[in-house]
Amino acid sequence: MNRLGYAYDWTREVMTCRPEYYRWEQWLFTKMFEKGLVYRKNSVVNWDPVDQTVLANEQVIDGRGWRSDALVERREIPQWFMKITAYADELLDELDRMPGWPDSVKTMQRNWIGRSEGVELTFAVAGEDEPLTVFTTRPDTLFGVTYMAVAAEHPLAVKAAAGNAEVAAFIEECKQTDAAEATLETMEKKGMALGINVIHPLTGEDVPLWVANFVLMSYGTGAVMAVPGHDERDWEFAKKHGLPIKQVIAPLDGSEIDIEEAVFIDKGVTVNSGDYDGLSYEDAFNGIADWFEESGRGRRTVNYRLRDWGVSRQRYWGTPIPIIYCDDCDAVPVPEDQLPVVLPEDVEFTGHGSPLKDMPEFVNVACPKCGKDARRETDTFDTFVESSWYFARYACPDNDKAMLDERAAYWTPVDQYTGGIEHAILHLMYARFFQRVMRDEGLTDVSEPFTNLMTQGMVLKDGAKMSKNKGNTVDPQELIVKYGADTVRLFMMFAAPPEQTLEWSDDGVQGSFRFLKRFWNAVQNHVDGGKVADLDVASLNAAQKDMRRKTHQSIAKISDDLGRRATFNTAVAASMELINSITRFEDDSDAGRAVVHEGLEAVVLMLSPMVPHICHALWATLGHKTALIDVPWPQVDESALEAEMAEIVVQVNGKLRGRVSVAADADRDAIGQQALADPNVQRFVEGKEVRKIIVVPGRLVNIVV
RNA sequence: GCCGGGGUGGCGGAACUGGUAGACGCGCCGGAUUCAAAAUCCGGUUUCCGAAAGGAAGUGGGGGUUCGAUUCCCCCCUCCGGCACCA
C-alpha cells in the first residue's frame with residue numbers, strides 16, 4: 001500500500017484482536033450494563049445436533065450443517081443484547097439531516113428500522129387467565145379477524161402441544177429450519193389449529209387460534225391477528241386452510257370487489273364492522289383505538305422492525321464478554337480494575353463448542369460482588385462490536401487510560417468514510433448506535449460517526465468477486481513493478497465509477513499505461529520546444545481560442561467530477577480528451593505554445609490526485625520550482641468559455657436531420673429560420689405544414705410538421 | 001418473500017436538470033514506420049441498407065406521458081447487494 005502511494009498514517013494502526021483495544025469495548029459494555037442498555041434473554045440460534053455447535057446462517061446450506069450435513073434445528077439459548085432500539089427514533093430522525101450519505105443507504109436504514117404506528121390489542125383466551133396481545137397497524141380491519149396465529153415457541157402453543165401429539169409434532173417440525181429471515185419468508189406457510197378459541201373483543205365471537213411457522217417469537221409479541229380479506233399473507237393462508245374470509249373494507253371509489261377472488265389491501269371505508277361502519281381509515285383507526293384504551297384492553301403504540309443487537313457468540317475467537325455468573329448475585333459485570341478479560345491463547349480445540357468452556361482456569365473465578373465461587377461467561381462478542389468504533393480509536397490508539405480522549409474531539413466525525421455497499425445496514429447502523437452510546441457515556445460530543453459516505457463496488461475478475469477465497473486476486477506488486485504505481489491507480493479510477501463494481505482488465509491496465517506515456521511525451525515534447533512566452537489572451541486567433549476554451553471547459557468539468565460528483569472515471573476521460581486536443585493542436589507560434597502550456601499545466605495539476613508521482617515530476621519538467629502538492633487547484637477563466645458560434649442540432653419531428661452553426665447571440669427566430677434553411681432539413685419539411693418550431697438555445701431546434 | 005441498486009456497441013463505460021445515444025478507453029480492422037517484429041503514429045469501428053450522400057432500427061421486454069424519453073410513470077423479466085451468527 002505504501003508503494004501505491006497511499007498516504008496511510010501507520011502510527012495510528014489499531015489491532016482489534018489485541019487486549020489494549022478490546023478492553024475498551026469490554027469497559028463500555030460494563031457501563032452499558034449499569035445503565036440497563038444491555039440485557040440477557042433467550043434467543044434463537046442454528047443448532048447443529050451432530051457437531052454439537054452453533055452455526056452461522058452462512059454455514060447452513062439448504063437447512064443442513066455445512067460440515068455435518070445434519071438437519072439444523074432452531075434452538076433457544078440465553079444471549080446478551082444491546083438496546084439499539086432505545087435509539088431507534090434518533091437513528092431514524094437523524095437520517096433526514098445527513099446530506100453526505102447516499103439516498104439508497106438512508107432508505108435501506110429507514111426501512112430496516114421500520115417505525116410503524118399502531119395499536120396493541122388484547123384478546124381474551126377461552127379457559128386462560130392471560131390474554132393474548134397482538135400489534136396491528138390496521139385496527140380498522142379488526143372486524144375482519146377470522147383467526148389468530150402464534151409462533152411455535154409461544155407459551156399457548158407449548159401448552160397445547162402438551163395435550164396433543166399432532167400439535168407437538170408440528171411444533172417440532174417448525175423448529176427444523178434455520179433462523180434466517182429469508183428462509184422463513186420464502187418457505188411454505190404452514191399452520192395447525194390449536195383447538196383453543198380466542199374471544200373477539202368487539203363481537204364476542206369465537207376466533208380459532210392457530211400455530212404457524214411464519215409467526216416469529218422474536219418479532220413483536222409472537223402472535224398476530226389474521227385479517228385474510230385485507231392482508232396478502234393472511235389471505236393465502238386462509239385460502240389454503242379453508243378459513244373464512246370476511247370483507248370489512250370497501251374501496252373508496254365505491255366499486256364492488258369479490259374478496260374470495262382477490263385480497264384488498266388498500267385503505268378504504270369500513271363495512272360489516274358493527275358500530276364502526278362507514279368510517280375512513282383514520283376514523284376507524286381512532287375509534288377502535290379509543291375503545292381499547294378506554295376499556296383498558298389496549299393502547300396506541302409505536303412498533304419497530306429493528307430488533308435489539310444480539311452480541312453473544314458461542315465461539316472462541318473473539319472478545320470475551322466481561323460478565324461473571326454468581327449463584328447469589330446473578331450476572332455481575334467485571335469491575336474496571338479487572339479489565340481486560342484476556343482471551344487465553346493456550347487452548348485445546350475439541351471440535352465441540354468453545355474451548356473456553358473446558359478451561360477451569362478461565363471459567364472459575366470469584367464473584368466480584370460477594371467473593372463466592374462463580375463462573376465466567378464463555379461467549380464472546382460479535383466482531384461487529386470491534387468494527388463499530390475503530391475509526392474513533394484511530395485518533396488516540398495509544399491511550400491506555402481511556403477509550404477516547406480530546407484528540408477524538410479534534411478528528412471525529414470522520415469526514416469521508418468509504419466501504420462496500422454490503423455494509424449499508426448492519427455495520428453502518430451498529431457504528432451509528434455505538435457512537436451515540438459513547439456520546440452518552442461522555443466520551444465524545446459527536447452523534448454521527450461519518451459525515452460523508454461513499455459506498456464502493458466490488459472488484460470482479462473474470463466475472464467473479466475478487467477474493468482470497470476464490471484465488472482470483474491480482475497482485476498489485478507485480479503490476480507496480482511492470483507499470484509503476486500510477487498506472488495501477490489510474491486504471492482503478494478509470495474503469496468504473498467508484499460505487500459500481502469494477503471489472504478487472506489486464507488490457508485496460510495496459511491502456512492506462514499507454515495514456516501515461518502519451519501524457520509524459522506531450523509534456524516533454526512541449527518543453528523540448530524551448531522557452532514559452534507569456535499568454536496574451538487578447539491576441540489569440542480562432543484556433544487558439546478554441547484550444548483555450550477546451551482547457552477551461554476541462555477545468556470546469558474535472559473540478560466538478562472530482563469535487564461534487566465523485567465520478568473519477570469521467571474526470572480521467574476528460575483529462576484524456578484534453579491531452580488528445582493538445583496533441584492534435586499543432587501551433588508553434590508564441591501564442592500557440594503559451595496556450596498549450598496553460599493546458600498542460602492544468603491537466604498535470606488535475607491528474608495529480610490520481611497519478612501523483614508522474615505529475616510531481618512533470619510539474620518540475622514544466623519549469624516549476626514549487627512542489628506540485630503546494631500549488632492551488634486551477635481556476636476556470638469564464639471569459640475563455642465564451643464562443644462566437646454555436647453548433648445547433650436540427651430535428652424534424654424529433655429525428656435528427658442536420659446541424660447548423662449559429663451566432664452565439666442569435667435570437668430564437670433567427671435560429672429557427674437558419675434551421676429551416678438547411679438543405680437536408682428542407683427535404684423533410686417540403687410540402688408539409690410546419691406546426692411548431694421548438695428552439696432550445698445552444699442545444700437544438702425541433703421542427704414539428 | 002421483503003428492502004436497496006443495476007441491465008446501453010464485441011468489452012469496461014459516457015450521456016449530470018427531458019434535448020445530438022455510444023464521450024473516453026479496451027478490442028478489432030485498415031494504413032504508416034520497420035529487413036521483420038514489438039513499440040509508436042494515422043484512419044475506421046452500434047446494427048442493417050447504400051459506392052456515397054443519406055436512410056431505417058436501436059439503451060432488458062411491454063405499455064404510457066411528451067414536440068422530444070437511456071432519463072418521467074405503470075406492468076413484467078433478469079442480475080447484484082442486504083435480510084439481523086460471513087463481515
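Quick note on labels: first sequence line is chain A, next is B, and so on, each numbered from 1. These figures come from a predicted structure and were not determined experimentally. Computation of the quantities below employed the complete heavy-atom set of this structure, encompassing side-chain atoms and omitting hydrogens, waters and symmetry-equivalent molecules.
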OP1, OP2 of [N] versus side-chain N and O of [X]: anything below 4.0 Å?
X: A:Arg315; N: B:C86; answer: no
X: A:Thr383; N: B:A87; answer: yes
X: A:Arg313; N: B:C85; answer: yes
X: A:Asn680; N: B:G55; answer: yes
X: A:Lys655; N: B:A57; answer: yes
X: A:Asn57; N: B:A84; answer: yes

Euclidean distance, atom CD1 of residue A:Ile84 to atom C1' of B:A84 [Å, nearest integer]: 10 Å
Protein-nucleotide distance (A:Gln109, atom CD; B:C2, atom C1'), rounded to Å: 17 Å
Main-chain N/O of A:Ser559 paired to A:Arg564 side chain as donor or acceptor, under 3.5 Å: no
Donor-acceptor contact below 3.5 Å, side chain A:Asn680 vs main chain A:Arg657: yes
Got a list of protein N/O to nucleotides 78-81 of chain B N/O distances below 3.5 Å?
none

A:Thr186 side chain, from C-beta outward: closest of B:G1, B:C85, B:G55: B:G1
A:Lys517, nearest nucleotide to its side chain (from B:G55, B:U40, B:A84): B:U40
A:Phe433 and A:Trp309 aromatic ring geometry - parallel, tilted or perpendicular at 30°/60° bounds: perpendicular
When you check the side-chain N and O atoms of [X] and [Y], is any donor under 3.5 Å from an acceptor?
X: A:Gln456; Y: A:Thr418; value: no
X: A:Lys550; Y: A:Ser581; value: no
X: A:Tyr304; Y: A:Asp89; value: yes
X: A:Asp103; Y: A:Trp101; value: no

Contacts of type ring pair (Phe, Tyr, Trp, His ring centres under 6.0 Å), residue A:Phe568, not counting sequence neighbours: none
Contacts of A:Phe237 that satisfy ring pair (Phe, Tyr, Trp, His ring centres under 6.0 Å) - sequence neighbours left out: A:Tyr147, A:Trp210, A:Phe214, A:His241
B:A51: pairing nucleotide in any strand, Watson-Crick or G-U under 3.5 angstrom: none
Any side-chain heavy-atom pair of A:Thr319 and A:Glu386 under 4.5 Å: yes
Spacing of OG1 belonging to A:Thr378 relative to CD belonging to A:Gln314, to within rounding of 0.5 Å: 8.5 Å
Protein-nucleotides 70-73 of chain B N/O pairs under 3.5 Å:
none

Euclidean distance for C1', B:U65 against B:C72 (whole angstrom): 8 Å
Taking only nitrogen or oxygen atoms into account, show me every contact under 3.5 Å that the protein makes with nucleotides 14-25 of chain B, one pair per line with its distance.
from, atom 1, to, atom 2, distance (Å)
B:A14, OP1, A:Asn569, ND2, 3.0
B:A15, OP1, A:Arg565, NH1, 2.9
B:A15, OP1, A:Arg565, NH2, 2.9
B:C16, O2, A:Arg564, NH2, 2.6
B:C16, N4, A:Lys557, NZ, 2.5
B:U20, O2, A:Arg659, NH1, 2.6
B:U20, O2, A:Arg659, NH2, 3.3
B:A23, O2', A:Glu577, OE2, 2.9
B:G25, OP1, A:Asn580, ND2, 3.2

Contact residues, residues 47-56 of chain A to RNA chain B [heavy atom, < 4.0 Å]: A:Val54, A:Leu55, A:Ala56
Sugar-phosphate, base or nothing in reach of A:Glu188, heavy atoms under 4.0 Å: nothing
Ring centers of A:Tyr21, A:Trp389 separated by less than 6.0 Å: yes
Heavy-atom neighbours of A:Arg305 CZ exceed 12 at 6.0 Å: yes
